Number of protein chains: 2
Amino acid sequence: MELTTPEPIHVECKRFSSVLSLIGDKWTVMIVLTLTERPRRFNDIKRTIGGISQQMLARTLRALERDGMVARTVHPTVPPQVEYALTALGRSLADPIRELGFWAGTNIAEIESNRLAFDEARDSLAA
Amino acid sequence: MELTTPEPIHVECKRFSSVLSLIGDKWTVMIVLTLTERPRRFNDIKRTIGGISQQMLARTLRALERDGMVARTVHPTVPPQVEYALTALGRSLADPIRELGFWAGTNIAEIESNRLAFDEARDSLAA
DNA sequence: CGGTATCCGACCTGATACTG
DNA sequence: CAGTATCAGGTCGGATACCG
């Protein structure tokens, strides 16, 4: 960060958008949080999360591996076992994610209530 | 949160996915951060962010208003002026977002380096 | 078991044009 | 100025089938 002039917040934000988009991907978040508990194998993750397709799990895990958030270990057995574990980097992401999860948990009721009220007001206009 | 049995983290995560998906939307994040500085008018936000289409700005602002994160105030002047300001809820979201931004800033260099290394290893196989 | 390749529909997004 | 409506392209994500 060699910012000599104080940049407005949204400019920093732009620089980090590739990282922030990780969070928007719900699968990424769920995988990271799932691996927080302990390392897991492919179908173990799949079963634990539930509702994720094989392809999306494979894709997301590869993306996480590429970013160095997840370490992939192949045990040359028959049948093959592949274990996924969080790296230090991956573990460090879990903290801010949990903060966000905490915020969501604190405010989700209010948000849902706001949505209902907004939609009601909208519908009464439409009628 | 009436969890009588300790739920695994990923289950909580699922409940919050509708909130978490807010974060993944880069426009949402940038708008919230932009409004952190001060309330702004429509085209002011548009110019400040840059690169956002009129439609996406309108849509995203509507969504934020629906969630109660942003308050929309119409001044009945000619030409009409519409001011958008963060609510208390919106301001409270800015904190965890900035934490995430801080994490991104701290680790983006390592992540990009990891990506390069991964792609290089991949390319050397392809060759 | 742990993937990859292909197809396909749904959604996201921007460009453009029009309105109050 | 502050939107809304319509269209078109691209991407996302799932289902399926197949490979090592």
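Predicted model only: the values in this text are computed from it and were never measured. Every chain is numbered from 1, with letters handed out A, B, ... down the list of sequences. These numbers come from the heavy atoms of this one structure, side chains and all, not from hydrogens, waters or symmetry mates.
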**Prompt:** In terms of side-chain heavy atoms of B/Phe42, which of C/dA15, C/dG3, D/dG3 is nearest?
**Reply:** D/dG3
**Message:** Which heavy atom of A/Leu22 sits nearest to which heavy atom of A/Thr28, and what is that distance?
**Reply:** O-CB, 3.4 Å
**Item:** pair A/Gln81-A/Val74: side-chain heavy atoms closer than 4.5 Å
**Value:** no
**Message:** What I'd like to find out is whether the side chain of A/Arg62 reaches to under 4.5 Å of the side chain of A/Arg72, using heavy atoms alone.
**Reply:** no
**Closest non-hydrogen atom pair, A/Asp44 against A/Arg40** = OD1-NH1, 3.1 Å
**Request:** Send over the distance from B/Gln81 CD to D/dG3 P, rounded to a whole Å.
**Result:** 12 Å
**Prompt:** Looking at side-chain heavy atoms only, is the closest gap between A/Leu93 and B/Asn107 below 4.5 Å?
**Reply:** no
**Request:** Among the candidates D/dG3, D/dG14, C/dG2, find the nucleotide nearest to the side-chain atoms of A/Ser53.
**Result:** D/dG14
**Prompt:** So, are B/Arg98 and B/Asp95 salt-bridged, with charged N and O less than 4.0 Å apart?
**Reply:** yes
**Asked** Just checking A/Arg59: base, sugar-phosphate only, or nothing, at a heavy-atom cut-off of under 4.0 Å?
**Response** base
**Distance in angstrom units between B/Arg72 CZ and D/dG3 C1', rounded** = 8 Å
**Request:** Treat a base pair as Watson-Crick or G-U wobble with both distances under 3.5 Å, then lay out DNA chain C in dot-bracket form, 5' to 3', with | for cross-strand pairs.
**Result:** ||||||||||||||||||||
**Item:** A/His75 NE2 - D/dG20 P separation (whole Å)
**Value:** 23 Å
**Request:** Take atom CD of A/Gln54 and atom C1' of C/dC1, then tell me their distance rounded to the nearest Å.
**Result:** 9 Å
**Prompt:** Looking at the side chain of B/Tyr84, which of D/dG14, D/dG3, C/dT4 is the nearest nucleotide?
**Reply:** D/dG3
**Asked** Quick one: does B/Gln55 reach the base of D/dT6 with a side-chain donor-acceptor pair under 3.5 Å?
**Response** yes
**Asked** Which listed nucleotide (C/dG14, D/dT4, C/dG3) is nearest to the side chain of B/Met56?
**Response** C/dG14
